[in-house]
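Data first, discussion second: the structure below is written as structure tokens.
All residue numbers in this chain count up from 1 along the given sequence. Order of listing sets the numbers, starting from 1, for every ligand and every atom in it. Given the structure is predicted, the values throughout are model-derived calculations rather than measurements.
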Amino acid sequence: MEFSIKSGAPEKQRSACVVVGVFESRKLSAAAESIDRVANGYLAEVVRRGDMEGKLGATLLLHNVPNVLGDRILLVGLGREREFRDKEYRDACKAAVRTLNETGAMEAVLFLTELPVRRRGLAWKIAQAVLVAAETPYQFNRLKSKQEEVRRPLRRLTLTVTRRSELAEAETTAHQAQAVAEGVRVAKDLGNLPPNICTPAYLAEQARSIASTHGMNCDVLEAEDMQTLGMGALLAVARGSAEPPKLIVLTYRGADAAAQPVVLVGKGITFDTGGISLKPATEMDEMKFDMCGAASVLGTLLAAAQMKLPLNVVGIIPSTENMPGGRATKPGDVVTTLSGQSVEILNTDAEGRLVLCDALTYCERLKPAVVIDIATLTGACVVALGHVAAGLFANDDTLAREVLAAGDAAYDRAWHMPLWDDYQEQLRSNFADMANVGGRPAGSITAACFLSRFAKNFRWAHLDIAGVAWKSGREKGATGRPVPLLAQFLLERAGAASRSSGA
Ligand code: BES
Ligand code: MN
Ligand code: ZN
């Protein structure tokens, strides 16, 4: 979808459809009022008849509204004015785009961006409108034999601002949001692909192709390289699988070589059976989404490159399947990690931390400014935070605050969890430096504690995205989260970098 920005009166838009809001109960928004005035009370009359109460998400399409230049007027319910906040704004945008996709209008002008949203400015409203509009029509149809095409899909959406002085800011923001939307789409597609297609080799291939189309560098380490380096934990997970593991290193250079990179590490388990500690059959198919951390790293790097951020960013993706097999790792096996620390693998289903710990140690050689890992790491995190917030853990409070703020700004939220030393003792082992599991209590915290032992030499944050990376049930599918959070984090850092260099 194409986006553009404009300022002007709603009644004067020569457009296939002009979208304006109506609050509950039956209160016209400023843009709707403006149309109503030239239309001699036409909208007020429609609303009075009871066809549009203003319920959040309701829509009513009007033709032949007198004295306006647009072909159609789409009324969108906004709910109660006093309760109109982030979620309501997004829901209203979603309803508008859904309806537009079902009508003949292939182009529209959206006035919802002019509505006041508490605590949010113009940039936020523009970015969210772009993101919501780009992702609302998303479907993953490529493996269906008959493609259900939308007959006349919305092709072009114009977003409005109240003053001409706001045009420039809105245009920049819309551009950036389109890059983020593209990153979200890539992350969703990779997540939704079945595990027989999206293997570690496939992820490596996709990383290479993203690198070549966006001017990035991509290196892929093979099993022999991991062996030479001493990545005993990552290799232990790969042992049960017939698919060769890959360690993908994708580098975006937007700043000079001396600038320390932001490193994003994404868990890339393309299918998690649990290994010898086999998972139950129910819903095991959803473990194809166990590479959504990796997908979010690829999507974010793509967005960063498209936005030409003045930063260096490296994506590291340890990727393998976790399968049971004759050579698979057994509960009780002890392995030596790249860091030199030994691990007793008591549960082969706690494989995410095993691939991540070697990837984190690998980060040291990149002299990172900060490292953020992103992983569908624990079912316990889903129990703690549900499907709303990602779990955030960090060894540095300033970094934690930066990540939380990015999540809030992008409406892709995380919640700060404790990483106190008191939890570390749950990882004690009689036979190695540590065990890979810490028992039932505080499962997401002990997983983070395990990782923290490999992140001592840099500022590090960990996002447990087990609850937010995909949806189950009827709407089963990858969400593309936390690409918006990560892209916002990079944007903020890029802003800080250019301010401090006097640019
Ligand atoms: N990929 C899973 C985590 C997961 C499970 C995410 C269900 C979303 C839904 C991870 O590899 C795993 O199996 N974790 C175990 C850890 C346990 C063995 C300590 C878990 O959460 O059960
Ligand atoms: Mn597992
Ligand atoms: Zn897993």
Side-chain angles (χ1 to χ4, degrees), residues 191 195 198 200 203 233-234 236-241 243 245 265-296 317-324 328-333 343-359 373-391 393 417 423 426-429 434-451 462-473 476-479 481-482:
C198 186
L203 279 181
L234 172 48
V237 178
R239 284 182 67 87
S241 168
E243 293 289 338
V265 180
K267 172 177 173 183
I269 300 294
T270 59
F271 197 76
D272 181 11
T273 66
I276 297 299
S277 313
L278 194 63
K279 286 183 182 295
T282 321
E283 293 175 359
M284 202 206 271
D285 67 289
E286 296 192 5
M287 283 298 117
K288 73 172 185 177
F289 294 117
D290 213 16
M291 37 56 69
C292 283
S296 75
I317 294 169
S319 183
T320 172
E321 292 181 337
N322 184 25
M323 301 285 282
T329 292
K330 304 165 287 299
D333 282 0
V343 176
E344 183 187 13
I345 301 176
L346 287 173
N347 189 324
T348 63
D349 198 11
E351 85 297 339
R353 61 199 78 181
L354 295 173
V355 304
L356 289 169
C357 72
D358 281 345
D373 78 67
I374 305 99
T376 47
L377 201 63
T378 64
C381 192
V382 190
V383 175
L385 298 173
H387 305 289
V388 176
F393 303 82
M417 303 279 281
Y423 290 102
Q426 287 178 238
L427 296 173
R428 222 189 62 80
S429 160
M434 69 195 89
N436 78 327
V437 290
R440 291 236 330 144
S444 72
I445 302 176
T446 53
C449 283
F450 181 95
L451 296 178
H462 156 61
L463 285 166
D464 192 332
I465 58 165
V468 301
W470 75 89
K471 290 182 182 161
S472 308
K476 192 189 286 184
T479 60
R481 288 180 68 183

With 2.8 Å as the limit, jot down which protein N, O or S atoms are around the Mn ion (ligand 2).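 Protein N/O/S atoms under 2.8 Å of the Mn ion (ligand 2): Asp272 OD2, Asp349 O, Asp349 OD1, Glu351 OE1.
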At a non-hydrogen distance cut-off of under 4.0 Å, which region of Asn322 contacts ligand 1 (side chain, backbone, both, or neither)?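 It is neither part, as no heavy atom is under 4.0 Å.
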Thr376: numbered ligand 1 atoms lying under 4.0 Å from its heavy atoms: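 The atoms of ligand 1 under 4.0 Å from a heavy atom of Thr376 are 1 (N), 2 (C), 3 (C).
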Purely on distance, is any nitrogen or oxygen of Asp349 under 3.5 Å from one on ligand 1?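 Between Asp349 and ligand 1 (N or O atoms, distance only) the closest approach is under 3.5 Å.
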Min N/O separation Lys279 to ligand 1 under 3.5 Å: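 N/O-N/O distance under 3.5 Å: yes.
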Identity and separation of the nearest protein heavy atom to [atom]:
atom                    : answer
atom 2 (C) of ligand 1  : Asp272 OD2, 3.6 Å
atom 8 (C) of ligand 1  : Trp470 CH2, 3.4 Å
atom 21 (O) of ligand 1 : Gly379 N, 2.7 Å
atom 16 (C) of ligand 1 : Arg353 NH2, 3.9 Å
atom 19 (C) of ligand 1 : Val437 CG1, 3.6 Å
atom 10 (C) of ligand 1 : Leu377 O, 3.3 Å
atom 6 (C) of ligand 1  : Ala466 CB, 3.6 Å
atom 5 (C) of ligand 1  : Met287 CE, 3.8 Å

So do Pro331 and Thr348 actually touch side chain to side chain, heavy atoms under 4.5 Å?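 The answer is yes, as the side chains (C-beta and beyond) meet within the 4.5 Å cut-off.
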Any Met291 side-chain heavy atom under 4.5 Å of Cys198 side chain: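 Yes, at least one pair of side-chain atoms sits under 4.5 Å.
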Any Arg440 heavy atom less than 4.0 Å to ligand 1: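 No, Arg440 has no heavy atoms under 4.0 Å from ligand 1.
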If you measure from each heavy atom of Lys267 to ligand 1, is any distance below 4.0 Å?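 Distance cut 4.0 Å: Lys267 passes for ligand 1.
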Going by a strict under-4.0 Å cutoff (protein heavy atoms only), does atom 14 (N) of ligand 1 have a neighbour on the protein?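 There is a protein heavy atom less than 4.0 Å from atom 14 (N) of ligand 1.
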I want to confirm something. Looking only at heavy atoms, which of Glu283, Glu286, Glu351 is nearest to atom 11 (O) of ligand 1?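 Nearest option to atom 11 (O) of ligand 1, by heavy atoms: Glu351.
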2.8 Å cut-off met by an N, O or S atom of Glu351 to the Zn ion (ligand 3):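 Yes, within the cut-off.
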Shortest-distance N, O or S atom of Asp290 relative to the Zn ion (ligand 3):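 Atom name returned: OD2.
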